[in-house]
Protein chains: 2
Amino acid sequence: MSLRHAVLGLLADRPASGYDLMKRFETSLAHVWSATQSQVYGELGKLADGGLVEVSAEGPRGRKEYAITPAGRAELHHWLTEVEPTRARRSDSLLRVFFLGELTRLEARTYLLGEAERAAQQLAGLKEAEAAIDWGGDPLSVHGRLAMEYGKRLSEMHEEWARWAAEQLTP
Amino acid sequence: MSLRHAVLGLLADRPASGYDLMKRFETSLAHVWSATQSQVYGELGKLADGGLVEVSAEGPRGRKEYAITPAGRAELHHWLTEVEPTRARRSDSLLRVFFLGELTRLEARTYLLGEAERAAQQLAGLKEAEAAIDWGGDPLSVHGRLAMEYGKRLSEMHEEWARWAAEQLTP
DNA sequence: CCAACCATGTAATAAGTTACATGATTCA
DNA sequence: TGAATCATGTAACTTATTACATGGTTGG
């Protein structure tokens with residue numbers, strides 16, 4: 001149930017509308033937690049019902065700006081410090097690896113080298129994003145930087161592993 | 001929609017009942033693709049309706065053994081070679097990293113060192129599992145081994161990153 | 001005989017995706 | 001004035017989780 005905490009976390013930084021939040025899901029949080037527009041608007045409604053956020057301002061075009069409440073901040077803090085992170089357990093790219101025996105050796109190697117290539121592409125994309133982002137001192141971006149480093153290390157590891165794995169299949 | 005492909009992949013190796021499949025989801029596929037019992041039985045029904053698997057034998061206690069059909073094998077092959085893997089984009093442990101600014105520096109460091117510890121535990125668990133598994137020459141385990149190596153490299157990377165990140169927060 | 005294990009299913013709920021529907025405001 | 005952007009919502013559907021419900025078989 002982390003969508004709600006993603007929303008709370010973003011609002012903890014500063015108030016925002018559903019539309020604003022969507023942009024942040026699509027940019028900074030893109031590789032970490034994805035959400036669709038209907039989820040975000042739905043969750044804002046539920047959070048408001050529960051008193052964890054409140055409408056702090058209304059603007060043109062029916063814009064509603066939400067702000068986190070003390071109860072919301074308490075819930076966020078609780079989640080951050082006391083809820084054990086769940087180990088992610090779903091990767092369709094790794095799932096395929098288990099079934100490479102269904103393919104010829106050549107096809108399997110092609111798949112793994114494709115993985116290496118996709119990982120390399122991802123790394124390039126992250127580096128580009130990193131250069132483009134204004135890493136000004138705002139508190140959220142300090143930690144966004146830590147996450148960025150994770151992404152880079154992950155892509156590197158993924159690429160190396162895939163090349164190694166492809167080699168294992170070369171007799 | 002990879003649950004269906006996970007089931008097809010397991011049945012491609014050898015026929016199995018829903019119960020058998022569940023055990024394999026809980027063991028070999030545990031870190032790669034999780035599924036619940038009701039999902040597995042439900043998916044077997046749908047796959048059978050679609051002609052991708054068929055009941056190949058019935059045993060005691062209402063046991064139904066399913067086998068993959070040629071159509072199922074074709075679908076599996078298609079998924080393995082032509083469907084682009086989706087980049088996984090959800091990790092609640094990484095999501096927390098973005099919001100560490102809500103915590104004191106000490107709390108944030110504690111979280112990151114906890115991550116390091118959990119990663120180390122995971123690595124230990126994988127090594128133990130690796131030692132316990134009979135890596136006999138069967139085709140599925142050749143590739144299970146590649147996935148195992150991925151898991152080990154991932155845990156190592158995760159631990160190193162978390163220690164590095166904790167250090168970044170030390171003034 | 002009873003515990004452990006084998007075995008299948010359904011119901012209710014929650015979470016996530018895709019598509020549809022609508023309209024205001026800004027700026028070139 | 002027309003395109004891009006801002007802005008919110010709902011409906012239908014799929015996927016995943018949790019809990020319930022039932023019973024047969026094996027082996028110590």
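Numbered from 1 within each chain, the chains take letters A, B, ... in sequence-line order.
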**Complete:** Heavy-atom contacts, protein to nucleotides 15-28 of chain C, under 4.0 Å, summarised as B (base), S (sugar-phosphate only) or - (none) per nt, yield SSBB----BBB---
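Residue A:Y41 places at least one side-chain N or O under 4.0 Å from the OP1 or OP2 atom of D:dT8. Residue A:K23 places none of its side-chain N or O atoms closer than 4.0 Å to OP1 or OP2 of D:dT5. The phosphate of C:dC6 has neither OP1 nor OP2 within less than 4.0 Å of any side-chain N or O from B:R63.
Within the structure, every pair that satisfies the salt bridge (charged side-chain N to carboxylate O under 4.0 Å, His left out) test and touches residues 14-41 of chain B, not counting sequence neighbours, is listed here: B:D13-B:R24, B:D20-B:R63.
In this structure, A:K64 places its NZ atom 9 Å from C1' of D:dG9, rounding to the nearest Å. Look at CZ on A:R24: it is 17 Å from C1' on D:dC6, rounded to the nearest Å. Between the CG atom of B:L21 and the C1' atom of C:dG9 there is a distance of 15 Å, given to the nearest Å. Between B:D92 atom CG and D:dA16 atom P the separation is 17 Å, expressed in whole Å. Summarising the geometry, the separation between OH on B:Y66 and P on C:dT8 is reported as 7 Å, rounded to the nearest angstrom. In this entry the distance linking CD of B:E58 with P of C:dA7 reads 13 Å, nearest Å. To the nearest angstrom, P of D:dG9 lies 9 Å from CG of A:L44.
With a 4.5 Å cut-off between side-chain heavy atoms of Ile, Leu, Val, Met, Phe, Trp and Tyr, the cluster of A:Y41 takes in A:Y19.
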Throw together a table of side-chain donor-acceptor distances under 3.5 angstrom for residues 50-60 of chain A, partners on residues two or more places apart or in other chains.
| residue | atom | partner | partner atom | Å |
| --- | --- | --- | --- | --- |
| A:S56 | OG | A:E65 | O | 3.1 |

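Remark: B:H31 pairs with no residue by the ring-ring contact (aromatic ring centres under 6.0 Å, His included) rule, at least two apart or across chains. Applying the side chain to side chain donor-acceptor pair (under 3.5 Å) criterion to A:R145, with sequence neighbours excluded, gives no partner residue.
To the nearest 0.5 angstrom, B:F98 atom CZ is 6.0 Å from A:S28 atom OG.
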